[in-house]
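The structure appears below as structure tokens.
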Amino acid sequence: MSIYDSLNNMQQEATFHTDGPLLILAGAGSGKTRVLTHRIVYLIEEVGVNPYNILAITFTNKAAGEMRERVDQLVGFGSEAIWVSTFHSMCVRILRRYIDRLGYETNFTIYDSDDSKTLMKDVCKRLNIDTKMLREKFILGEISRAKDELWSPEKMRERSAGDFQGAQIARCYREYQEELKRNNALDFDDLIVKTIELFQKEPEVLNYYQERFQYIMVDEYQDTNTAQFELISLLAKKYQNLCVVGDDDQSIYKFRGANIKNILNFEQVFPNTRTIKLEQNYRSTKRILQAANSVIANNVGRKDKALWTENDEGDKVRFLQFDSAYDEADYIAHNIKEEVMDQGNYTYSDIACLYRTNAQSRLLEERLMFLSVPYKIVGGVNFYQRKEIKDLLAYLKTVDSGNDEIAVRRILNVPRRGIGATSISKISDYAAQQRITFFEALSFAGDAGAPRAQGKIDGFIEMIHDFRKEQEFLSLHELATDILEKTGYLAALRDEKTDEARDRIANIEELINKIVDYENNVDEEEPTLSGFLEEVALISDLDRLNEEDDYVTLMTVHAAKGLEFPQVYLSGMEDGLFPSYMSITSGDESDVEEERRLCYVAITRAMESLTVSCAKSRMVNGEWRNSNISRFVLEIDPEVVDASGRGMALHRRQVLEEDPLSSSAKAAFSRKPGNYTKQASFEHREKPADFLASMGVQKGMSSVNNLEEGLSYQVGDRVKHIKFGQGLVTEIKKMPKDYQVTVEFDQVGVRKLFAAFAKLKKI
DNA sequence: GTGCCTGCTCACGGG
DNA sequence: GAGCAGGCAC
């Protein structure tokens, strides 16, 4: 009896085929992750491959985390030597080591799309391009496409001969790359492109990694683009031990340059490829699989295949149409609570709510929170795009290295120091002229033509230098806290005394918590500022720590790829939302086909129970929009659909009776989005006086003594937190400048908080 | 240089 | 609905 006995014939064949190129065409739920992980074990234990020589690439951080876990469980000793990572994090790791050979410093920063946009704005200004006519976003999109295809600015210029707009974009591209380099920064696409450049320019570096990664596996292969394919080809060229796993029906990243030819032409590029098809589904009931199959069958451009299962028939797919998106969200939240609390059929973590766009999470969040149903939103870059978070990160980046102009400029006058836009742009031009960094140029504000600002700027420079010195004896979260205090950033927010400012403070607190999490969980080396910044640059979801907690998962269908849940709610199934308006009106039927594949992915996430819902009317961009039932819903084989549900009207009455906030709840729905601060809004509503009092108490706290007096609670007390709700204080630990309070919250479990930030209030 | 108001634009997905 | 650029008054 071996661990491989549990695999079916095809799975075994894939597992045991270790030498030479291997293409696994794996349908949804056909156990491809099992094959990949077992294959890794087989390589190590039977073939005798050193774990150090294995590379496994996944598409999302979540997938990488899950694969890592499964591999660790199966392999045991030595598994940590295996590289399991996303394309992007693999490239970061390589570039941190060798990018100096391309003339960058190894402590480069990574620009997110907002940073890129800011930079492009500058570039356009410099090139006299009217961004009303030619939008930055459009230019960046074109540049990104060029990078996906590995076109240099030069190549782009050649290709756009005779095309005025194309030529302009090519100019922007060149200028943009120069600016990035001057800032010692890379954007997301550059991570891939520069790694390829490195490999092409430095054969011995390539050789090193070819020797290192003798066995390479790529998951979600259908979503790789040309650049990623080139990268893998380079790495696998020497040993040819490349195993890719993909499913053309689940290709959902065409918008990002995914090139389906990478699958279709694999056998040509890698001769002697062995191709194995996995067609038995182990995940879903027959009816769910039938629903998925009947939808995807409507795609014309696809390889015909037959996914089948030996699983039970299962329940029919439930379909419900509601009057409004409020009703829909409300129903889902109630239904989840009922399933878990009353019927005990499922735990919260068995359940996922999927939707097409991130914006749809707001209503669900609101209702789940109201019913105290624990939930977590996966993905959604919201948190790290918030102004206050970006500000604090910009401070940390500047302290870490002044090279990143975008970061320095972001905070030079935040909070206000009387350094205006005119001075900033003069210094920026001067820096470009002198070929020095913006931060260096700050010392020459006079020469740059802004002599009057020099005094204020010197104060800023000195402050940054002070923080750099402090770094030596402060931990990261202490440094962050110190920055917030000394710059007056927090004080400015506290003085505002608006709901919005309080939300921002809560978000900052969340970031501090994340820093502490990082400090506690970084295993390889010492926690460093650069290390933390690197992590947040690539990971949008640091919250992987509470994995054992029981919560409902909310995410977009894109984010759900590769995952499975016993019970799935698929909401917002309306024409114009899913499939998106853009795909319907583009005139290109293949756009709708990509949406249909996305729908196929959504349906195949469900193992036992699938509820599909839509709303007749929904608030979109400030106005009510009426929609029809999604064409995809109508494509589901009627045999497997139960559309008799009419619980919504009944249910609504019930809600009005038991929900004292329901009138104001509607108003609350229209509050600004804030995945991380919603509870705060409700808390304000309930006890504004308490909340204000706790804000006031915090204001004067700067020294430990003050603070000690200011702590209105002790171990054993029940306290209330604006975000996490109520809980029990289990420990108070004295820290150099603050107290660390451990609280067991009723809803979110144990959290360690800092007294100066956590506005804990005794109840 | 700052703060406030207005009008415009964008509303799909990921690292 | 919300963020942002541009215009304007101070």
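By convention in this document, chain letters (A, B, ...) are assigned in the order of the sequence lines, proteins followed by strands, and residues within each chain are numbered from 1. Atom set for the values below is all heavy atoms of this structure, side chains included, hydrogens, waters and symmetry mates excluded.
Contact of A:Asp189 with B:dG15 (side chain to base): a donor-acceptor pair of N or O atoms is detected under 3.5 Å.
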Only pairs under 3.5 Å count here: list side-chain donor-acceptor contacts from residues 558-565 of chain A, not counting sequence neighbours, and write none if there are none.
| unit_1 | atom_1 | unit_2 | atom_2 | d |
| --- | --- | --- | --- | --- |
| A:His558 | NE2 | A:Ile252 | O | 3.3 |
| A:Lys561 | NZ | A:Asp223 | OD2 | 2.1 |
| A:Glu564 | OE1 | A:Arg283 | NE | 2.8 |

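For A:Thr357, counting side-chain heavy atoms from C-beta on, the closest listed nucleotide (B:dG13, B:dG15, B:dG14) is B:dG13. Looking at the side chain of A:Thr556, the nearest of the listed nucleotides B:dT2, B:dG15, B:dG14 is B:dG14. Closest approach to the A:Arg416 side chain among B:dT2, B:dG13, B:dG15 is made by B:dT2 (side chain taken as heavy atoms from C-beta onward).
The two residues A:Leu234 and A:Ile196 come nearest to each other via the heavy atoms CD1-CG2, 4.0 Å.
For the pair A:Tyr355 OH and B:dG14 P, the computed distance is 9 Å after rounding to whole Å. The distance from atom CD of A:Glu136 to atom P of C:dG3 is 18 Å, rounded to the nearest whole Å. Rounded to an integer number of Å, the gap from CG of A:Leu563 to C1' of B:dG13 is 15 Å. The separation between A:Lys147 atom NZ and B:dG15 atom C1' is 14 Å, rounded to whole Å. In this structure, A:Ile57 places its CD1 atom 21 Å from P of B:dG14, rounding to the nearest Å. Look at CZ on A:Arg417: it is 11 Å from P on B:dT2, rounded to the nearest Å. Taking atom CG of residue A:Asn358 and atom P of nucleotide C:dA2, one finds them 16 Å apart after rounding to whole Å. Summarising the geometry, the separation between CG on A:Leu140 and C1' on B:dG13 is reported as 17 Å, rounded to the nearest angstrom.
Under the side chain to side chain donor-acceptor pair (under 3.5 Å) criterion, the residue pairs touching residues 447-457 of chain A are A:Gln454-A:Asp458, with sequence neighbours excluded.
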### Task
Show the numbers, then the answer: is there a ring-ring contact (aromatic ring centres under 6.0 Å, His included) between A:Tyr600 and A:Phe632?
CA-CA 9 Å; A:Tyr600 175 75; A:Phe632 299 152; over 10 Å; no

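Listed pair A:Asn413 / B:dG1 fails the phosphate criterion, with no side-chain N or O lying under 4.0 Å from OP1 or OP2. Look at A:Thr422 and you'll find a side-chain N or O under 4.0 angstrom from OP1 or OP2 of B:dG1.
Ring-centre distance between A:Tyr569 and A:Tyr355: not below the 6.0 Å cut-off.
Residues A:Gly418 and A:Ser583 each lie close to DNA chain B; by heavy-atom proximity, the contact nearer the 5' end of the strand is made by A:Gly418. Comparing A:Glu594 and A:Ile419 by the nucleotide of DNA chain B that holds the closest heavy atom to each, the one mapping nearer the 5' end is A:Ile419.
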### Message
Please encode protein proximity along nucleotides 4-10 of chain C as a string of B, S and -, counting only heavy-atom distances under 4.0 Å.
### Response
-S-----

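Contacts of A:Tyr253 with the nucleic acid, taken as non-hydrogen atoms under 4.0 Å apart, involve only primed sugar atoms and P, OP1 or OP2. A:Arg135 comes within contact range of the sugar-phosphate backbone alone, with a heavy-atom separation under 4.0 Å but no base atom that close. Here A:Ser423 lies in heavy-atom contact (under 4.0 Å) with sugar-phosphate atoms only. Here A:Phe59 lies in heavy-atom contact (under 4.0 Å) with sugar-phosphate atoms only.
With sequence neighbours excluded, the residues forming a side chain to side chain contact (heavy atoms under 4.5 Å, CB included) with A:Tyr581 are A:Thr585, listed by chain and number. Every residue two or more places apart in sequence or in another chain that forms a side chain to side chain contact (heavy atoms under 4.5 Å, CB included) with A:Lys194 is listed here: A:Leu95, A:Leu102, A:Tyr104, A:Gln177, A:Leu186, A:Asp190, A:Glu197. Every salt bridge (charged side-chain N to carboxylate O under 4.0 Å, His left out) that A:Lys254 has, sequence neighbours left out, goes to A:Asp591.
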